[in-house]
Every structure is written in structure tokens, then in C-alpha cells.
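Small disclaimer: the values here were computed from a predicted structure and weren't measured.
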Amino acid sequence: MKPKLLDNCPAGTYRRPYIDPTCTECGTNTFSASGAAECTECSAGTVANEAHTDCERCPATTYRTSEMTTCTKCDTNSISTSGAAVCTVCESGTVSNVDYSDCVKTLPIVKNPPCLSYECMTNYNRDKNSLRISVECDAVCRLGWYSKDGDKPPCTQCEDRDKCRADMSDSLSNIDQAAESGDTDTVTIGLLEIVNSEIRLTDSDVGQLVKTLTATQRLLVNASGDVGQLNVAVVETIEFIKDSKTSNFNESSQVIQIIESASKALSEGENITTFSIVAQSIVPKEKEVELTAPMSVLPEDLPLRLDLGIMQGERANVAVMDESYKDILPKTEDEKTTIGSPIVSIIFTDVADTSNISFSLVFQQKEHPEYRTGYNIERKCVYLNTTTNTWLSNGCKTLLNTDRTCTCTCSHTTSFAVLLSPTPVTDEEGQEVVSYVMFGINILFLSLTFFLISPFKALRKRDIVIAQLNLIVSLMLGNITFVVLSATSSIAVDDTGAPLLSLNAGCITAYQSRSELLFKGGVYPGTGGLSRN
């Protein structure tokens with residue numbers, strides 16, 4: 001008798017013929033196909049998938065040598081593409097950007113600026129930005145802090161609010177003067193010191209700071225040299241204003257214009273990344289690209305895509321802000337309506353004829369945070385009109401897709417978002433149709449029951465049958481009455497779509513009274529119901 005052969009081992013396992021009695025799972029970073037006698041080792045730059053049926057490429061910004069077991073993040077100032085066995089060190093004069101995907105030029109070190117910092121910063125790198133800022137400065141107390149020893153550390157936070165206000169005013173005045181004279185270094189350091197201070201902004205501070213940024217905006221637009229450092233400082237200052245959460249903010253349109261100017265000032269391939277803003281300059285080769293979103297954007301808001309259409313190949317300067325920026329942007333006319341998406345500013349820098357612009361932004365559909373039940377949510381693509389300081393929808397078309405995305409197709413550039421507008425659910429036509437159908441079914445079967453019992457005289461002599469027949473008649477009349485009343489009058493509902501029983505009680509009371517009367521007539525013959533005869 002021939003020995004019984006074992007079935008082929010499944011993929012991800014192996015068995016050596018005539019040696020191994022059972023199948024064995026492949027080891028770390030090895031894989032196999034079905035029926036394999038041994039597992040194959042994954043090449044450098046790849047790792048085995050969970051089932052050990054194939055090798056997957058290490059994602060960009062990571063690498064794996066043949067001696068390593070997992071994909072490892074590249075070191076600072078190194079980059080890699082997908083499937084890399086080693087990371088590439090950035091050349092002299094460049095550093096890796098925030099996601100380790102490209103090398104960008106290093107910004108010059110500013111020697112001994114008039115900064116207000118309580119610690120000396122030597123080659124201080126703002127690592128969360130792809131454009132690095134390197135600063136060397138003296139050790140003095142920062143804005144909003146003071147020292148009894150000639151403004152030297154140790155420093156104590158200022159409790160005298162008037163003095164802090166004066167410090168802020170002096171700093172902003174110095175920045176304004178530097179902006180007028182074109183001194184980008186002084187403006188940059190001044191803005192960053194305000195951002196790094198722990199001073200709490202008042203409405204007055206915010207208004208003054210926005211005016212300073214407006215002056216800086218002109219410097220961004222008109223400067224002939226490199227404004228990369230200044231651009232980062234401007235974006236971080238906007239984020240600082242947003243996080244201050246002042247109660248009365250009237251400069252929302254200027255904020256958007258400043259962000260647009262910062263985005264427009266970026267050179268091709270540059271980007272600025274903070275926690276809640278990503279500004280980037282791209283020349284996409286593909287028709288549809290996925291936009292880089294800030295870390296604060298919620299997973300349900302992603303992916304965020306740009307469909308260029310006829311604008312494919314044109315340089316686009318894009319700024320993506322998370323949803324929290326709605327707090328410093330114009331409010332909607334209806335207090336129930338809210339911004340329900342990241343805010344995207346887009347400018348096609350090199351396009352002279354703006355009358356022939358067409359592109360689409362693809363957002364994810366979200367639920368209204370406050371009106372989840374009892375309401376229908378209308379989604380509308382809108383843009384911010386910085387002249388009227390209002391959200392408008394003309395020039396944009398809204399398409400809700402079956403994959404839970406919302407496509408905004410627009411014919412002009414500015415800042416875009418999706419508005420969520422709740423409307424109460426009412427007694428709609430579909431619900432009425434279902435009600436009529438159910439009433440019809442009730443009437444049909446009640447009629448059948450009545451005509452199947454009533455012809456038999458022997459059955460009619462029993463009290464219980466008479467009671468049942470009277471009940472059937474009362475229910476039939478009640479159903480017919482309810483249908484007639486429903487067809488000739490409206491059912492009142494409240495804001496959530498629930499019926500207002502106080503306004504509809506007449507219908508219900510009439511129905512109950514008729515049922516009770518006819519039922520009693522069946523039990524006590526001669527009072528109005530059916531009899532035994």
C-alpha cells in the first residue's frame with residue numbers, strides 16, 4: 001500500500017517532503033506560496049506581510065537593510081522613497097522636510113537678533129516646519145516675563161497686565177517699523193518671539209497683531225529676496241491667533257488674505273507645516289492629487305483630494321486649515337449652520353486668465369456635531385468672500401457621491417469649505433404612503449373576517465361572536481375615519497418630527513369613543529350594536 005500523501009501546505013507555511021510531518025509557519029521577513037518546501041527571504045527594503053504570503057515595500061521615509069527586522073524611520077536630514085534599503089543623506093545646505101520625503105534648503109542663521117528669550121538658542125531648529133529657522137540669540141527674558149537682575153534669567157511671568165500690554169505694543173511697533181523698512185530678519189524674529197511667549201492675547205492685542213501681519217503681508221508680496229523664514233513666522237502667528245480664542249474677532253477676512261499671501265509666496269516644492277495649517281506649492285503631474293493635511297485634521301476628514309481637470313500641470317499654491325479655524329472666520333447667517341470640513345485655500349499662481357478656471361475639491365461627508373437625530377443635513381460647497389466677509393455658494397457646484405464624499409466644483413480661486421445645514425424631519429410623503437397602505441390592509445382583513453362570520457346564524461347566537469363582530473365593525477369605521485381625516489387635514493409635528501398629540505387628540509378621541517360604543521352594543525343588545533337575530 002502506498003503511503004498517504006499530505007495535502008499541500010497553504011501559503012505562508014512550508015513543509016520539507018519526507019522530512020516534516022506537518023506544515024510550519026514562515027519566520028520573520030520570509031514568505032511562501034502554497035505547497036512550498038521552504039520559505040523565501042524578503043529583499044532589503046521590504047518586509048513580509050502578516051500572513052507571510054508576500055513581501056511589502058517599506059513606506060517612504062523609512063528603510064530596512066537585510067539585517068533589520070522592521071522598517072525604520074530615517075534619521076534627521078535623511079530621506080527615502082518607498083522600498084528603500086537605505087536612507088539618502090541630504091546634501092550640505094539642505095535638510096529633510098517634516099515628513100522625511102524631500103530635502104529643502106536650510107535658512108541662514110540670524111546672528112544676535114533683538115529677541116526676547118529667557119534661554120540662549122544656538123542653532124535652534126523649528127523641527128515641525130519643513131523650512132527650518134536657525135537662530136542664535138542672547139539670554140534675556142521673553143515677552144510677558146521679567147527679571148529683577150537686569151532682564152536676565154531666572155525670569156518670572158509678568159503679573160502686571162498693563163506692563164505686559166506695553167511690552168506687546170512695543171514689540172508690534174518695532175515689527176511694523178521693520179516691515180516698513182523691509183527688514184525681514186527683524187520682522188521674523190519679532191513674530192516668533194510673540195508666538196513663543198505665553199502671554200494671553202486680548203481682543204485689542206489680536207486686532208493690533210493682525211494689523212502688523214497685514215503690513216508683513218505687503219513685505220511678503222513685494223520682497224525680492226528669500227522670505228522663507230518670514231513665511232513660517234507669519235503662518236505660526238496666524239495659528240497663535242487662532243489658539244488664543246478671543247471672544248470678539250473682527251479681522252477674519254484679513255486672516256484668510258494673509259494665509260493666501262503666505263501660500264502664494266512659497267517657491268515650487270516648498271511647504272510650511274504647523275499643527276493646524278499646511279501651506280504648499282505643487283505642480284501636480286497627475287489629474288487628481290491627495291492634499292497633505294495638518295496633523296490636527298480628524299481621520300474622518302481624510303483623504304482630501306484636488307481634482308485639477310483642465311488645470312492639470314499648473315502650479316497650485318494650496319493652504320489647508322483644520323476645521324477649528326471656523327472660530328476666527330465669519331459666522332454663518334443661521335446659528336445652526338456650521339463649517340463641516342477642513343478649509344482649503346487655493347491659488348493658481350501662474351494663470352493670467354482667471355476666467356477659464358475650473359477644478360474640484362473632494363471632501364468627506366460628515367455629520368453635524370449637534371444635530372444627529374431628527375434632522376436632515378444639507379451639505380453645500382461655499383467660499384469666503386473677503387470683501388463682504390460672508391460665505392457664498394455662487395460659482396461652486398455641490399455633488400454628493402455614493403462613497404460618502406462631497407465634490408465641490410468651482411470656477412474661481414479663494415478659500416473653500418463645506419457648510420452643514422440641519423432641517424427638521426417632518427411627516428413626509430413616503431411616510432404618508434406607508435400609513436395609507438397599512439390602513440388599507442387593516443380594513444381589507446377586517447372586512448374579510450366580518451363577511452366570513454356574519455352569514456352564519458348559528459354563530460351569531462353566541463355572545464362572544466356578537467362582541468367580536470361589533471369590535472370588527474368599530475375597528476373598520478375607526479380606520480376609515482382616520483384615513484379620511486388624514487387625507488383632509490395635516491398631522492402637526494414638532495421641531496424633531498414627532499406628532500403633537502395635543503393638536504391631533506380630536507381624531508384619536510373620536511376613534512376611541514366609536515370603538516367603545518360599538519363594543520358595548522355587542523355585549524348589551526339593543527344599545528346600538530349588532531344583535532343575535
Side-chain angles (χ1 to χ4, degrees), residues 1-91 94-104 127 130 269 271 273 278 282 284-295 297-307 362 364-365 401-405:
M1 176 182 289
K2 293 183 178 180
K4 183 179 179 180
L5 296 177
L6 294 176
D7 294 334
N8 285 339
C9 291
T13 65
Y14 72 98
R15 184 178 66 84
R16 293 172 296 179
Y18 307 110
I19 299 177
D20 297 327
T22 59
C23 301
T24 304
E25 291 184 358
C26 291
T28 303
N29 286 333
T30 61
F31 71 100
S32 72
S34 176
E38 61 180 8
C39 296
T40 305
E41 185 175 354
C42 292
S43 60
T46 65
V47 290
N49 59 17
E50 187 174 354
H52 293 273
T53 57
D54 200 0
C55 294
E56 298 176 344
R57 297 164 66 89
C58 288
T61 75
T62 67
Y63 74 104
R64 187 186 80 86
T65 64
S66 56
E67 292 80 17
M68 299 167 61
T69 58
T70 60
C71 299
T72 303
K73 195 80 172 177
C74 291
D75 294 334
T76 303
N77 293 344
S78 298
I79 61 172
S80 75
T81 57
S82 174
V86 294
C87 293
T88 303
V89 179
C90 292
E91 296 179 356
T94 65
V95 293
S96 60
N97 61 7
V98 68
D99 58 6
Y100 299 90
S101 61
D102 196 9
C103 295
V104 296
D127 287 329
S130 57
N271 68 83
T273 302
V278 169
I282 56 176
K285 298 179 182 179
E286 304 296 331
K287 183 179 179 181
E288 185 174 88
V289 294
E290 184 173 326
L291 296 177
T292 302
M295 293 179 289
V297 169
L298 300 175
E300 55 262 34
D301 286 327
L302 300 175
L304 178 63
R305 300 194 300 273
L306 170 62
D307 188 343
V362 182
Q364 299 297 312
Q365 293 186 31
N401 307 308
T402 56
D403 62 352
R404 301 289 299 167
T405 59

Next on the checklist: Go through it in stages, so that I can follow the logic: the residues are V362 and L304, the test is side-chain contact (heavy atoms from CB on, under 4.5 Å), and I'd like the CA-CA distance, side-chain angles, deciding distance and then a yes or no.
Outcome noted: CA-CA 6 Å; V362 182; L304 178 63; over 6 Å; no

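- Looking at every heavy atom in both residues, P21 comes nearest to I19 through CD-O, 3.6 Å.
- Contact check for K73 versus T61: side-chain heavy atoms found under the 4.5 Å cut-off.
- Between R305 and E290 there is no salt bridge, since no side-chain N of the basic residue sits under 4.0 Å from a carboxylate O of the acidic one.
- Here the side chains of D54 and N49 are in contact, with some heavy-atom distance below 4.5 Å.
- Checking side-chain atoms of Q364 against main-chain N and O of P303 turns up a donor-acceptor pair under 3.5 Å.
- Minimum interatomic distance between N8 and G35 (heavy atoms only, all atoms of both residues): CB-CA, 3.8 Å.
- No hydrogens or angles considered: nothing links the side chains of T24 and D20 as a donor-acceptor pair under 3.5 Å.
- Judged purely by atom type and a 3.5 angstrom limit, S32 uses its side chain to pair as donor or acceptor with the backbone of T13.
- Taking every heavy atom of both residues into account, C9 and R15 meet most closely at SG-CB, 3.3 Å.
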Next on the checklist: What verdict does the side-chain contact (heavy atoms from CB on, under 4.5 Å) test give for T62 and T72, after you've listed the backbone C-alpha separation in whole Å, the side-chain angles of each residue and the deciding distance to 0.1 Å?
Outcome noted: CA-CA 5 Å; T62 67; T72 303; 5.9 Å; no

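- Side-chain atoms of T292 and N271, non-hydrogen and from C-beta on, never get closer than 4.5 Å to each other.
- Considering CD of Q365 and OG1 of T405, their distance stands at 6.5 Å, rounded to 0.5 Å.
- Summarising the geometry of C58 relative to Y63, their closest heavy-atom pair is SG-C, 4.3 Å, with the distance given to 0.1 Å.
- Going from atom CG of L291 over to atom CG of L306 covers 5.0 Å, rounded to the nearest 0.5 Å.
- Using a distance-only test at 3.5 Å, with no hydrogens or angles considered, a donor-acceptor pair links the side chain of N29 to the main chain of T69.
- For CD of E288, the number of neighbouring non-hydrogen atoms (other residues, nucleotides, ligands) closer than 6.0 Å is greater than 12.
- Residues C71 and V47 come closest through the heavy atom pair SG-CG1, 3.7 Å.
- Smallest separation of non-hydrogen atoms from H52 and T30: ND1-O, 2.9 Å.
- The neighbour count for E41 CD, taken as heavy atoms of other residues, nucleotides or ligands under 6.0 Å away, does not exceed 12.
- You'll find the side chain of E25 stays beyond 4.5 Å of the side chain of C39, heavy atoms only.
- If you check the side chains of R57 and S82, you find a donor sitting under 3.5 Å from an acceptor.
- In this structure, F31 and C26 have side chains that are not in contact, with every pair of non-hydrogen atoms separated by 4.5 Å or more.
- Here I79 contributes atom CD1 and C87 contributes atom SG; the two are 9.0 Å apart, rounded to the nearest 0.5 Å.
- Atom CD of E300 is surrounded by more than 12 heavy atoms from other residues, nucleotides or ligands within 6.0 Å.
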